[in-house]
Amino acid sequence: MSHSFFCFQSLKYVSQPSYSYWCWAACLEQMIKGLNAKSKIGTKQCELASTYKDIKENHPIDSLLIGNINNYKSSNCCSASNKIPNGCNIALEENDLKSIFGFSGFNATEIKDCNSLKDFGFIKQTLIDNQSPIVLKVRKNGKAHMNIISGYGKLNGCEYLLISDPLESIGETYQEFSGLINPREIDRVWITKLGVENLEHDAYLEKSLEIVNDFINKFLTNIEHYSSEKGLENSALSNPWKYLANKDPLYVAQSIKEFMSNEKLTIDFELFNFFDELTYDSDVKNLSSCEQEINKDLVVYTDINFINQSFLDESTQKDINTRLINKINKGNALSYIKDFATSIEIKVDDDTIMVKPINYPKDYEIKNEWTTYEVFKNQISINPKIVYFNEDLNTRPSQKIKLSIN
Amino acid sequence: MAHENLKFPLSLVKNDIWQPIFGAQHHGTFYMIYIKIKSYEKVQNDFGKTEHTYNCEFRLQNYRGAITMGLVRSKIPKFTTDTSEAKLGEILNLNLEVSPFKKNDYLRNEKIKLLKPIESKLVTVINVFVLSPPIDLFNPNDLDNSLYLNPYTHLRDGDEYTEVAFRKSGTDQPFQSPGNMGWPGMGFCIPDICIFD
């Protein structure tokens, strides 16, 4: 099985409150928090709704573009209970989207031609280039609704997009690409990008890009030979993103540096093998039919967010490799191990991953000091796993059903 | 939105009968949806995760009305926790798409893949998403040339059109234009809730 799934791992799913019109606010909260946007109108759904309600009731939205948004916040749509305060259950007018996203730290640009969405490559490249989701206005039961595209993937030659629907009953799913783009369902589309002031300087990516460009320039002739033999367009391998899109930039840069230090550089065979390795894209077609949707919880995926990566989901993986070390070196290496309710700090010393527990159950036999990852794993595994209470015992009987299977 | 107390009983062991799970009237047509749960298997998927797969078929039966309703596809099921006043606890959402002006009564070989098995007394809500009429019949951006008006969004008023909006009585929520982005994922109270034996 060949597969590759990508998503912004720092985007944590946010659902809209039940029976509310806050799909837009849920999408925006997810993006603001996940991408560290400098929002001027709050981060939580209720805060976003408060500002928007105030704007709609008191001020023309365009006049706020030159003013201080904080001067206009007077509504309070936040509530301790599950109920949304009166007058706060408001939908987003599509013509206000650009402004509201702007106040939230995003540049939103509408794609006038929805046919662009029929090009999987366009969507993939837009996500990679902008490092931010694509916003969709979709039609559900005749009403308008907001979804975001926050990832993509391939499985056995089939292409998928990760669609995040703030309706909790739908959630996040990788949907088969060819069945997704339906003009009956998608009304308008916006690409988003963090405002300039929000972008962190990604020195790792820039340095990697520089190394890849040097490599391309040096071996342009070999690239032409390789492309000709493989039936590829020359331009594909002349584009540095072909190398960087599906792999960690540091991993690619490191591989190139090691390869260029090799004396066999001029031999086409060696180079061609290296091109294969660098550009491997899991794009092996087979005859099996595509599944229409794939549950995000049932797949293993990697991230496309080079700027603000989370180490969380990989902390318990068995295979510690260069890619993981690169991630740790890039920072944000704090992790939480749910099974043991334990927070750990992570660093790399001489290519060895070191771990230090920060918060953990007080009766655990565990040392609050730096140890190697392997030692830490052994230490924590002798402690009991956390057991969580059932949410509602009345509706969760433990009796098991036995099926008769024909 | 489901009725809180009236639920369709669902059996995992009656593998060869159509069990009713949903009833509604859309575009003037009253129809019901049935499920046949044929078998269960526990498998390890390609990613090494354990899946509980229920092999099913869905059937839509149109009963009364001029517009033919048809099944489009099933979508990924999800477990959620009900936070409404009904306090249904953990519920399994089975998601289906239905379209007006479509002839398709069956969805065969559907696989409901779950991360945990269905247990007795599990409450299941059938979320049916009704797609808009085909674009060549109803184009919300070109009402003048539409052959049909979606009665859930627009009413004809001579040469003009009126937008349809709802709000719960007794509240002061603003009425929403159908073009505004905000969909609560619910309609009027219909029989769409089931409980496993």
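No hydrogens, no waters, no symmetry mates; every other heavy atom, side chains included, goes into these values. Model, not experiment: these values are computed from the prediction. Below, chains carry the letters A, B, ... as their sequence lines are ordered, and counting in each starts from 1.
Between atom CG of residue B/L94 and atom OG of residue A/S169 there is a gap of 10.5 Å, rounded to the nearest 0.5 Å. Atom CD1 of B/I76 is separated from atom CD1 of A/I163 by 12.5 Å, given to the nearest 0.5 angstrom. To the nearest 0.5 angstrom, A/R139 atom CZ is 8.5 Å from B/N150 atom CG. To the nearest 0.5 Å, the span separating CG on B/N180 from NZ on A/K137 amounts to 8.0 Å. Rounding to the nearest 0.5 Å gives a distance of 9.5 Å between CZ of B/R73 and CD of A/E176.
Neither the backbone nor the side chain of B/P151 comes within less than 4.5 Å of any heavy atom of chain A. When heavy atoms are compared at a cutoff of 4.5 Å, A/L97 approaches chain B solely by way of its side chain, counted from C-beta outward.
Two residues are said to be in side-chain contact when any heavy atoms from C-beta on lie closer than 4.5 Å; A/E168 and B/K78 fail this criterion. Taking the side chain as every heavy atom from C-beta outward, A/I170 and B/F129 approach each other to under 4.5 Å. The shortest distance between side-chain heavy atoms of A/D187 and B/N141 falls below 4.5 Å.
The residue among B/I91, B/I195, B/N95 with the most heavy atom pairs within less than 4.5 Å of chain A is B/N95. Annotation: maximal heavy-atom pairing with chain B below 4.5 Å, among A/A25, A/C23, A/S15, A/A144, occurs at A/A144.
Of all the heavy atoms in A/W190 and B/M181, the pair that sits closest is CH2-CE, 4.0 Å.
Within 6.0 Å of the NZ atom in A/K44, the count of heavy atoms belonging to other residues, nucleotides or ligands does not exceed 12.
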